[in-house]
Amino acid sequence: MLLAVEGLSVSYDKALVLNEISLKVEEGELVSLVGPNGAGKTTFLRAITGLVKWDQEVLKGTRYGDIKINGTVYFKGERIDGLNAPHIVRKGLGHCPERRRPFAEMTVLENLKAGAHLQRDKEKMRSNMETVYSLFPILKEREKQVSATLSGGEQQMLAIARAFMSEPQLLCIDEPSIGLAPRVKQDLFGRIKELKELGLTILLVEQDVNLSFSLSDRNYILSHGRMVAEGSSAELIDDDTVRKSYLGL
């Protein structure tokens, strides 16, 4: 088991955002986590990659109240929920955040090199860069362009490519299709499929059920901070209650 999350709960002051969430990802899988806005999907990714722990320190004693996190997260058999985000990245658990967030004043190439800041093997870094440019040829064309001037789709490609440059064994991708036109989304998900075919394990958080289910090996459905269903795409779509109540299909 590459990732095993057990009984994860997160509360911001008195608001319970995640309630006893458990999820598993096997090596080589593409697992999707779907649900509506406000379901807790982004908080889940931030929790398992150490960013909620960072929030605890930054917001302690402020008007935002206390942040509490409980539960366990195992990665490659090692418990990591006590580690901070940089240590978790070094372990091989990568995070591509929602709404892209490139380093706006840096060029495409500088963003990619920033993603590889932990890589000491220059030959390996060059190899990873070639893979990125093969998957996202537009980034090669734009490598000297300041990232803030890219289109939304190009920025999302850059965000995924930058995360890939850290050489994750598991890449968590948060809401990649948000704000993108249908044709751009289709192209982007084609690139995510190619990443999986290269052997990368992926945990995909997404609102677009049809797109995510078309790629995934297994799926989890999150609603109001609770895990309400899990299974293959066919199993979940065939379940009338799940399809109508949680998938909007």
Side-chain angles (χ1 to χ4, degrees), residues 1-5 23-34 41-42 44-46 48-51 73-78 80 85-98 100-102 108 111-121 123-140 153-177 185-206 208 211-220 232-233:
M1 188 67 61
L2 189 59
L3 176 72
V5 182
L23 176 149
K24 295 180 179 180
V25 181
E26 299 274 6
E27 189 170 355
E29 283 190 309
L30 192 156
V31 173
S32 78
L33 175 63
V34 301
K41 304 186 300 299
T42 292
F44 176 81
L45 287 193
R46 290 178 60 82
I48 67 173
T49 56
L51 292 174
V73 181
Y74 292 89
F75 184 62
K76 297 186 292 185
E78 177 185 355
I80 63 168
H87 280 91
I88 290 173
V89 171
R90 290 188 184 97
K91 296 288 184 184
L93 180 53
H95 185 176
C96 179
E98 67 172 339
R100 302 175 275 279
R101 299 178 187 174
V108 167
N111 267 272
L112 295 174
K113 287 182 176 179
H117 73 282
L118 296 176
Q119 178 58 259
R120 297 292 177 260
D121 185 334
E123 186 58 40
K124 185 63 176 174
M125 188 173 76
R126 279 195 292 269
S127 175
N128 289 340
M129 194 77 77
E130 288 175 4
T131 300
V132 161
Y133 284 154
S134 174
L135 286 168
F136 306 107
I138 191 65
L139 297 183
K140 175 64 174 176
E154 291 165 352
Q155 287 188 10
Q156 185 61 69
M157 291 177 189
L158 176 58
I160 294 173
R162 185 182 63 191
F164 176 81
M165 289 296 292
S166 71
E167 284 204 299
Q169 291 172 264
L170 170 59
L171 178 57
C172 301
I173 307 177
D174 193 0
E175 300 278 15
S177 76
K185 287 198 290 186
Q186 289 284 353
D187 182 55
L188 180 65
F189 272 68
R191 304 291 79 75
I192 293 173
K193 181 180 179 181
E194 290 183 38
L195 282 171
K196 180 181 185 295
E197 291 170 350
L198 288 173
L200 182 62
T201 306
I202 298 172
L203 175 56
L204 176 65
V205 163
E206 182 55 57
D208 192 316
L211 277 174
S212 57
F213 276 23
S214 71
L215 298 184
S216 61
D217 297 296
R218 293 185 300 110
N219 312 279
Y220 291 85
S232 69
S233 300

If the condition is salt bridge (charged side-chain N to carboxylate O under 4.0 Å, His left out), which residues does Glu123 pass it with, not counting sequence neighbours? Arg126
Using 0.5 Å steps for rounding, measure from the CZ atom of Phe189 to the CG atom of Leu195. 12.0 Å
Determine, step by step, whether Phe44 and Val205 satisfy the side chain to side chain contact (heavy atoms under 4.5 Å, CB included) criterion, reporting the C-alpha distance in whole Å, the side-chain angles of both residues, the deciding distance to 0.1 Å, and the verdict. CA-CA 10 Å; Phe44 176 81; Val205 163; 5.6 Å; no
Partner residues of Lys193 under the salt bridge (charged side-chain N to carboxylate O under 4.0 Å, His left out) criterion, sequence neighbours left out: none
Do Gln186 and Leu211 make a side-chain contact, defined as non-hydrogen atoms from C-beta onward lying under 4.5 Å apart? yes
Is the closest side-chain heavy-atom distance between Leu2 and Glu26 below 4.5 Å? no
Please round to the nearest 0.5 Å and tell me the distance separating atom NZ of Lys185 and atom CD1 of Ile192. 11.5 Å
Side chain to side chain contact (heavy atoms under 4.5 Å, CB included) evaluation trace for Ile160 with Leu188: CA-CA 10 Å; Ile160 294 173; Leu188 180 65; 3.9 Å; yes
Those residues at least two apart in sequence (or on a different chain) that pass side-chain hydrogen bond (donor to acceptor under 3.5 Å, both in side chains) with Ser216 are Asn219, Ser233
Nearest-0.5 Å distance that lies between atom CG in Asp187 and atom CE in Met157: 4.5 Å
Closest non-hydrogen atoms of Leu204 and Ser212, given as atom of the first, atom of the second and distance, are CD2-CB, 4.0 Å
Can you tell whether the side chains of Glu167 and Lys124 come within less than 4.0 Å, N to carboxylate O? yes
Identify the heavy atoms of Lys41 and Val34 that sit nearest to each other, and give their distance. CD-C, 3.7 Å
By side chain to side chain contact (heavy atoms under 4.5 Å, CB included) - contacts of Met125 (at least two apart): Ala116, Gln119, Met165
Can you find a heavy atom in the side chain of Ile48 that is under 4.5 Å from one in the side chain of Leu203? yes
Counterpart residues, side chain to side chain contact (heavy atoms under 4.5 Å, CB included), relative to Ser127 (two or more places apart): none
The side chain to side chain contact (heavy atoms under 4.5 Å, CB included) partners of Lys196 (sequence neighbours excluded) come to Leu30, Ile202, Asp217
Minimal heavy-atom distance between Leu112 and Met129, with the atoms involved, is CD1-SD, 3.6 Å
Test side-chain hydrogen bond (donor to acceptor under 3.5 Å, both in side chains) applied to Arg218 - qualifying residues, sequence neighbours left out: Glu29, Tyr220
Polar side chain donor-acceptor pair, Glu206 to Ser177, under 3.5 angstrom: yes
Where Gly92 and Phe75 come nearest, the two heavy atoms and their spacing: O-CZ, 3.6 Å
Ala161 and Leu139 have their tightest heavy-atom pair at CB-CD1, 3.7 Å
Which residues satisfy the salt bridge (charged side-chain N to carboxylate O under 4.0 Å, His left out) test with Glu130, sequence neighbours excluded? none
Gap between atom NZ of Lys76 and atom CD of Glu27 - 0.5 Å precision: 9.5 Å
Ignoring hydrogens, what is the shortest heavy-atom contact between Pro168 and Leu200? Give both atom names and the distance. O-CD1, 3.2 Å
With side chain to side chain contact (heavy atoms under 4.5 Å, CB included) as the test, pick out the partner of Thr49 among Ile80, Leu93, Val89. Leu93
The complete set of salt bridge (Lys or Arg N to Asp or Glu O under 4.0 Å) pairs with one or both residues in residues 88-97, sequence neighbours excluded, reads Glu78-Lys91
Value rounded to 0.5 Å, distance of CG in Leu158 from SG in Cys96: 9.0 Å
Just to verify, what does Lys113 make a salt bridge (charged side-chain N to carboxylate O under 4.0 Å, His left out) with, not counting sequence neighbours? none
When rounded to the nearest 0.5 angstrom, what is the spacing between OG1 in Thr42 and CD in Glu175? 5.5 Å
Under the side chain to side chain contact (heavy atoms under 4.5 Å, CB included) test, residues paired with Thr131 that sit two or more places apart: Leu135, Phe164, Leu198
Just jot down the side-chain hydrogen bond (donor to acceptor under 3.5 Å, both in side chains) partners of Glu194, sequence neighbours excluded, or say none. Arg191
